[in-house]
Protein chains: 2
Amino acid sequence: MFCCPACHARYAWGYLSHQCQACGGPLDFALERVAFPLQAIRARVPEFWRYAEALPVFEQPVTLGESLTPLAPCSIGTTQVLLKCEYSLPTGSYKDRGSALLISYLHALGVQEAVEDSSGNAGASLAAYAARAGLRLKVFCPASASPGKLLQIRLYGAELVPVEGPRPKATEALLEYVARTRAVYASHLWHPLFIEGVKTLAFEIAEQLGWSLPGAVLCPVGAGSILLGLHKGFGELCQVGVLPRLPRLVAVQARHVSPLYQAFVRGDQEVARALDPQPTLAEGIALPVPVRGRALLKAIRESGGAVVAVSEEEIAAGVKQFGQAGFCVEPTSAVVWAGVERLAQQGQLPARGPVVAVLSGHGLKAAQAMSQLVG
Amino acid sequence: MFCCPACHARYAWGYLSHQCQACGGPLDFALERVAFPLQAIRARVPEFWRYAEALPVFEQPVTLGESLTPLAPCSIGTTQVLLKCEYSLPTGSYKDRGSALLISYLHALGVQEAVEDSSGNAGASLAAYAARAGLRLKVFCPASASPGKLLQIRLYGAELVPVEGPRPKATEALLEYVARTRAVYASHLWHPLFIEGVKTLAFEIAEQLGWSLPGAVLCPVGAGSILLGLHKGFGELCQVGVLPRLPRLVAVQARHVSPLYQAFVRGDQEVARALDPQPTLAEGIALPVPVRGRALLKAIRESGGAVVAVSEEEIAAGVKQFGQAGFCVEPTSAVVWAGVERLAQQGQLPARGPVVAVLSGHGLKAAQAMSQLVG
């Protein structure tokens with residue numbers, strides 16, 4: 001069931017638009033009930049589909065093999081952190097969780113053709129799952145996106161539409177195309193089934209911790225689908241009593257494009273468009289305004305979390321520090337290194353429970369930028 | 001226990017040379033006994049360390065989070081194949097299985113510094129695990145290796161020594177360095193603990209098939225560590241009665257560098273150096289002579305297997321066909337697409353049991369070459 005958090009309109013399974021027909025806002029999705037039969041889950045194949053009672057049911061799920069991603073220990077300064085290595089998913093980013101569900105949904109409805117806009121990773125991920133489902137996909141991307149991501153989109157057989165200018169130009173071009181052609185917009189930014197997939201990240205973390213609560217979870221935030229997925233997933237685990245409460249959810253932004261940080265610091269209820277976005281190494285989160293700003297602020301505050309913003313120097317240092325610890329992550333993911341340091345400096349680390357940081361994407365996706373950083 | 005298959009010399013745990021002191025040959029490694037407590041294994045963390053009773057014991061294993069890799073279905077022509085997606089390992093290639101064990105061993109012995117030669121993937125993998133263990137590593141690589149692999153080596157903090165000329169030049173430069181400095185040679189080509197790690201690939205495939213036998217397993221072969229690892233792993237499963245026999249092991253080589261293929265076709269017992277190796281897209285298997293040629297031929301024949309050699313056109317087509325099926329693999333891995341087709345054409349597909357093909361490395365490692373192929 002899809003419902004609009006703004007105007008409370010409801011739409012049944014099978015609804016295809018990316019937004020509320022009544023008010024134009026983004027929709028939420030909720031199953032009637034979720035369950036976590038822990039013993040049964042443990043005996044199932046170690047991939048995210050094992051949380052079957054908390055996911056929509058598809059007769060033919062579209063899958064590329066979504067093994068549980070590692071939770072690997074690493075020292076960041078004097079803080080012991082567990083790194084959730086999402087780059088080990090099929091296309092090298094966490095987006096595969098959302099793509100698997102969204103493409104399974106479109107496939108189940110018989111959709112043959114769809115469009116998407118992306119800074120690169122979501123486009124690559126949707127392209128792979130679309131290839132798997134035999135669905136034609138057109139992806140609007142900034143022409144300046146990392147060559148590795150653009151290569152993946154073309155390799156998987158999607159049609160790549162490079163758009164000159166900053167990230168929002170790609171969205172503008174896509175919306176114009178959608179208005180003209182009535183194409184199905186398979187939007188990782190808008191479609192609630194994308195977040196529905198990403199919530200499995202929370203289930204995995206909880207299971208890997210023996211169904212116990214992390215103290216805090218840090219993640220890069222642009223559109224915020226990781227954070228909203230974590231909020232939904234941990235929320236469902238609380239709802240059925242598996243966990244006692246939410247972990248602190250900490251959003252990390254690049255200071256150069258930090259609308260959520262600014263809104264959080266000001267105590268706002270909505271996220272206003274970043275006034276003066278600057279170019280950033282963290283291309284995956286260079287979004288001047290998130291679609292679900294209100295929901296993000298609410299989720300972070302409800303969890304007792306925080307938002308931190310890190311500099312370009314810190315992002316560059318993070319890439320190298322993760323590398324020297326054995327982890328090859330793209331600059332967008334590397335923001336969490338300085339994020340952990342910032343929490344430690346501010347005495348904001350949780351008193352109890354492990355600190356988890358989400359490594360959202362593979363370093364090889366941004367090999368050129370990485371090469372310059374490594375020198 | 002290390003032992004020499006040629007002269008039967010034996011060496012105890014703690015032996016550090018990469019070769020037999022008596023005859024200079026490559027060594028084998030064997031545990032005194034192996035066991036597979038299937039119920040217990042199933043309840044353990046889904047990573048290859050779960051096969052603990054069939055692996056050497058380390059007090060402090062060096063790990064980056066080695067989740068079970070997916071076994072994903074794919075149609076190759078009219079053949080249904082299961083793809084073992086090794087690119088989802090921490091550094092993006094199957095080498096992590098061997099590196100985890102080899103570096104754990106060196107770390108346990110207090111080794112502080114080591115050297116390695118590699119076409120790229122093994123160097124990147126060893127560099128990551130060395131970083132994790134705090135071990136200094138120097139990697140000799142062809143200067144022409146894929147930029148992505150060279151980037152990873154530097155990112156992980158290893159010292160990269162680029163060597164002009166074809167792959168064997170890197171080995172020559174390394175051997176000269178080892179002779180001069182007595183450095184520890186952490187060789188993925190020579191060290192039997194590398195193969196000891198790769199054997200877990202067989203354990204995973206067997207477990208993912210419900211501890212049943214695949215009909216055939218295809219893999220790219222240069223030095224042959226995947227094939228020898230499969231042979232050892234499936235062999236141990238037979239030894240304790242979990243499986244009734246070996247699956248057919250099928251080596252796939254690039255026709256341009258195909259010494260094993262030539263030896264197999266001629267019915268030889270040893271693999272002679274390829275007479276006229278040509279440049280190939282499959283850089284990871286462009287080795288004119290394998291260290292363990294005799295063992296490779298024996299393993300393939302014992303399993304009722306085969307060797308096929310594929311053309312550059314077939315490798316290029318394989319990259320694109322895997323891509324359009326949703327899998328982003330480097331050209332070295334893409335050889336198995338034509339390998340499956342060849343078996344099908346020759347009526348050599350097994351009558352019973354699934355066909356498994358090993359996808360050894362991530363496509364993003366070879367992004368430049370891939371870009372040219374995708375066009």
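Throughout, a chain's letter reflects where its sequence line sits, starting with A, and its residues are numbered from 1.
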(request) Mark yes when over 12 heavy atoms from residues, nucleotides or ligands other than B:R42 sit less than 6.0 Å from its CZ; otherwise mark no. (result) no
(message) I need the minimum non-hydrogen distance between A:C328 and B:Y156, along with the two atoms involved.
(response) CB-OH, 3.2 Å
(request) Go through B:V319, B:L71, B:L151, B:L373 and name the one with the most non-hydrogen pairs under 4.5 angstrom from chain A. (result) B:L151
(request) Using a cut-off of under 4.5 Å on heavy-atom pairs, state which of B:P70, B:G134, B:A367 scores highest against chain A. (result) B:P70
(request) Locate the shortest heavy-atom distance separating B:F327 from A:L64; write the atom from each residue and the value. (result) CZ-CD2, 3.8 Å
(request) Find the distance between CE (B:M370) and CD (A:Q152) and round it off to the nearest 0.5 Å. (result) 8.5 Å
(request) Sort A:Q324 into side chain, backbone, both or neither according to what part of it lies under 4.5 angstrom from a heavy atom of chain B. (result) both
(request) Select, from B:G323, B:S371, B:G92, B:G65, the one with the greatest count of heavy-atom pairs under 4.5 Å involving chain A. (result) B:G323
(message) Please determine whether the number of non-hydrogen atoms from other residues, nucleotides or ligands lying under 6.0 Å from atom CD of A:Q368 exceeds 12.
(response) no
(message) If I compare all heavy atoms of B:G326 with all of A:A131, which pair ends up nearest, and what's the gap?
(response) N-CB, 4.1 Å
(request) Heavy-atom pairs under 4.5 Å with chain B are the metric here; pick the option from A:L150, A:L83, A:L68, A:V374 that has the most. (result) A:V374
(request) Tell me, out of A:A158, A:S67, A:C74, who's got the most heavy-atom pairs with chain B below 4.5 Å. (result) A:S67
(request) For residues A:P73 and B:R132, determine if any side-chain heavy atom of one lies less than 4.5 Å from a side-chain heavy atom of the other. (result) yes
(request) Against chain B, label A:Y129 side chain, backbone, both or neither, depending on which of its atoms sit under 4.5 Å from a heavy atom there. (result) neither
(request) Could you look at A:T69 and say if it's the side chain, the backbone, both or neither that has a heavy atom under 4.5 Å from chain B? (result) backbone
(request) Name the member of B:G363, B:P90, B:G157, B:A325 that forms the most heavy-atom pairs with chain A at distances under 4.5 Å. (result) B:A325
(message) Using heavy-atom distances under 4.5 Å, tell me whether A:A124 contacts chain B through its side chain, its backbone, both, or neither.
(response) neither
